[in-house]
> 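Please find one structure pasted underneath; my questions will follow.
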There are 2 protein chains.
Amino acid sequence: MVTDTTFSISQLAKEFGVTTRTIRHYEDMHLLSPQRQGQKRIYTFADRTKLKLIVRGKRLGLSLQESGDLLHMYEPGKNNIDQLERTVEYIGASRQKLSQQLRDISTMLDELNKAEAGCKAELEAHSKLTKKT
Amino acid sequence: MVTDTTFSISQLAKEFGVTTRTIRHYEDMHLLSPQRQGQKRIYTFADRTKLKLIVRGKRLGLSLQESGDLLHMYEPGKNNIDQLERTVEYIGASRQKLSQQLRDISTMLDELNKAEAGCKAELEAHSKLTKKT
DNA sequence: ATTGAAGTTTACGTTAACGTAAGTTATATT
DNA sequence: AATATAACTTACGTTAACGTAAACTTCAAT
């Protein structure tokens, strides 16, 4: 544990608030492929970055499949033109999805504000009934 | 089908791009409770609004449980102080989650931009090799 | 030498969110 | 009257994303 440029599975698990089982599951799904030191998995910074993307994807409601697709984009091997164009299309679609999410969040925030105002108004009413001053 | 102020299940299904099975499932999960006209379900505007919230919630990665909790907030019966305070807390937590999502989206958009730039650069390189002018 | 902590594999279990029949009923149209 | 259309209920099936348990191995420290 020489504070190397690598990480153990439990280090990453702790850092990202997931279980080691979860990380191994991502490997089963081919989203990660750490090196091995004997039997043990050794994670590089690149692996950590991928995991970060997956965890963030989950917060946005992405499936592992979708996160996998995104990861794919950042990897080399997309040399041929056809693949590059597909990737550009996928990026466009992703942006549209994110835009929709932005609109949804905005709407939800508005609704939360209204709901909160309603609650606080009611609480005010209650406190008046129970007023002491 | 007198273009009334109510909707049939298939009308809503079509409008929101889900199946009737899905809508019935939301009823099973107690997120909706339409009136009945004999056997048939009759949905009001309020029901439609609830469904809209659920569908939007899904786009944001919410579980049906979470959407149900949100729906609960907009309903009466939250008279007692304790419940009101809980609701206000829940609203706060929801806002925090949404804030995190906003940050995540921002990050993802940045990454998408970089990835797109990379792709387009590669495509440029290819087109130079194949240049005709 | 032994114990304990962290890692591993294998494999069955679980929950959420519907999908997919299969069989029934009601209404409306030809 | 017959048939099509939309609705309904019941119930088993399916997929994703892990949880959980059992039975090793590997080191490091007591």
Side-chain angles (χ1 to χ4, degrees), chain A residues 1-4 6-44 47-48 50-72 97 104, chain B residues 1-4 6-44 47-48 50-72 97 104:
Chain A
M1 202 224 264
V2 266
T3 306
D4 219 351
T6 64
F7 311 87
S8 74
I9 192 169
S10 55
Q11 279 182 308
L12 291 186
K14 180 174 294 185
E15 174 173 4
F16 291 105
V18 300
T19 68
T20 58
R21 172 67 176 94
T22 294
I23 296 181
R24 291 195 195 97
H25 177 63
Y26 295 163
E27 184 172 347
D28 289 344
M29 300 293 104
H30 308 102
L31 303 184
L32 296 174
S33 44
Q35 302 159 15
R36 295 294 181 119
Q37 208 167 75
Q39 271 219 122
K40 297 192 173 179
R41 278 164 251 254
I42 304 297
Y43 297 87
T44 65
D47 292 324
R48 200 187 79 140
K50 290 184 185 183
L51 180 53
K52 187 186 296 184
L53 188 148
I54 298 168
V55 169
R56 185 201 306 141
K58 294 225 75 190
R59 287 196 301 261
L60 290 176
L62 299 194
S63 67
L64 293 186
Q65 170 71 50
E66 291 171 316
S67 290
D69 292 347
L70 284 177
L71 283 178
H72 219 91
K97 237 190 117 181
D104 288 334
Chain B
M1 202 222 265
V2 266
T3 305
D4 220 350
T6 65
F7 311 87
S8 75
I9 192 170
S10 55
Q11 278 182 309
L12 291 186
K14 179 172 292 184
E15 175 173 2
F16 292 105
V18 300
T19 67
T20 57
R21 172 68 175 94
T22 295
I23 296 181
R24 289 195 197 96
H25 178 62
Y26 295 163
E27 183 172 346
D28 288 344
M29 300 294 105
H30 308 103
L31 303 183
L32 295 174
S33 43
Q35 303 160 15
R36 295 294 180 118
Q37 209 166 75
Q39 270 218 122
K40 298 194 171 176
R41 279 164 251 255
I42 302 296
Y43 297 89
T44 66
D47 292 324
R48 201 187 80 140
K50 290 183 183 181
L51 180 53
K52 186 185 297 183
L53 188 148
I54 298 168
V55 169
R56 184 202 306 140
K58 296 225 75 190
R59 287 196 301 261
L60 291 175
L62 300 193
S63 67
L64 293 187
Q65 169 71 50
E66 291 171 315
S67 290
D69 292 347
L70 285 177
L71 282 179
H72 218 90
K97 238 190 117 182
D104 288 334

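In what follows, chains carry the letters A, B, and so on, assigned in the order in which the sequence lines appear, proteins first and then strands, with residues in each chain numbered from 1. Everything numeric here is computed off the predicted structure, so don't read it as measured data.
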> Taking OP1 and OP2 of D:dC8, is either one under 4.0 Å from a side-chain nitrogen or oxygen of B:R41?
yes

> Indicate whether OP1 or OP2 belonging to D:dG19 is found under 4.0 Å from a side-chain N or O atom of A:T22.
yes

> Without decimals, in angstroms, what is the distance between B:D28 CG and D:dT9 P?
9 Å

> Between A:Y43 (OH) and C:dA6 (C1'), how many Å, whole number?
13 Å

> Quickly work out the B:K58 NZ to C:dA16 P distance and round it to whole Å.
13 Å

> Over how many whole Å does the gap from B:L32 atom CG to D:dC8 atom P extend?
13 Å

> Looking at every strand, decide which applies to A:S63 at a 4.0 Å heavy-atom threshold: base, sugar-phosphate, or nothing.
sugar-phosphate

> Taking all non-hydrogen atoms of both residues, which atom of A:T6 and which atom of A:Q11 are closest, and how far apart?
O-OE1, 4.1 Å

> On a heavy-atom basis, which atom in B:V18 and which in B:V55 lie closest, and how many Å separate them?
CG1-CG2, 4.5 Å

> Considering only D:dA6, C:dC18, D:dC18, which nucleotide approaches the side chain of B:H25 most closely?
C:dC18

> How many whole angstroms separate atom CD of A:Q39 from atom C1' of D:dA23?
13 Å

> Indicate yes or no: at least one non-hydrogen side-chain atom of B:L70 is less than 4.5 angstrom from one of B:E66.
no

> What contact category does A:S8 fall into here, base, sugar-phosphate, or nothing, at under 4.0 angstrom with non-hydrogen atoms?
sugar-phosphate

> Do the side-chain N or O atoms of B:K40 get closer than 4.0 angstrom to the phosphate oxygens (OP1, OP2) of C:dT27?
no

> What is the distance from CD1 of A:I9 to P of D:dC18, rounded to the nearest Å?
13 Å

> Are A:P34 and A:E27 packed together at the side-chain level, in the sense that at least one heavy-atom pair is separated by less than 4.5 angstrom?
yes

> Quick one: is C:dG7 close enough that its OP1 or OP2 comes under 4.0 Å of any side-chain N or O from A:T20?
no

> When you measure only distances, ignoring hydrogens and angles, does the side chain of B:R24 come within 3.5 Å of the base of D:dT9 through a donor and an acceptor?
no

> Within this structure, what is the CE-to-P distance between B:M29 and C:dA16, rounded to whole angstrom?
8 Å

> Starting at CG of A:L31 and ending at P of D:dA17, how long is that distance when rounded to a whole Å?
9 Å

> Can you tell me if the side-chain N/O atoms of B:Y26 get under 4.0 Å from OP1 or OP2 in C:dC18?
yes

> Between D:dG19 and A:T19, is there an OP1 or OP2 to side-chain N/O distance shorter than 4.0 Å?
yes

> Could you grab the distance from atom CG of B:D104 to atom CG of A:L53, nearest 0.5 Å is fine?
10.0 Å

> Can you see if the side chain of B:R21 gets near the phosphate of D:dT10 - specifically, an N or O under 4.0 Å from OP1 or OP2?
no

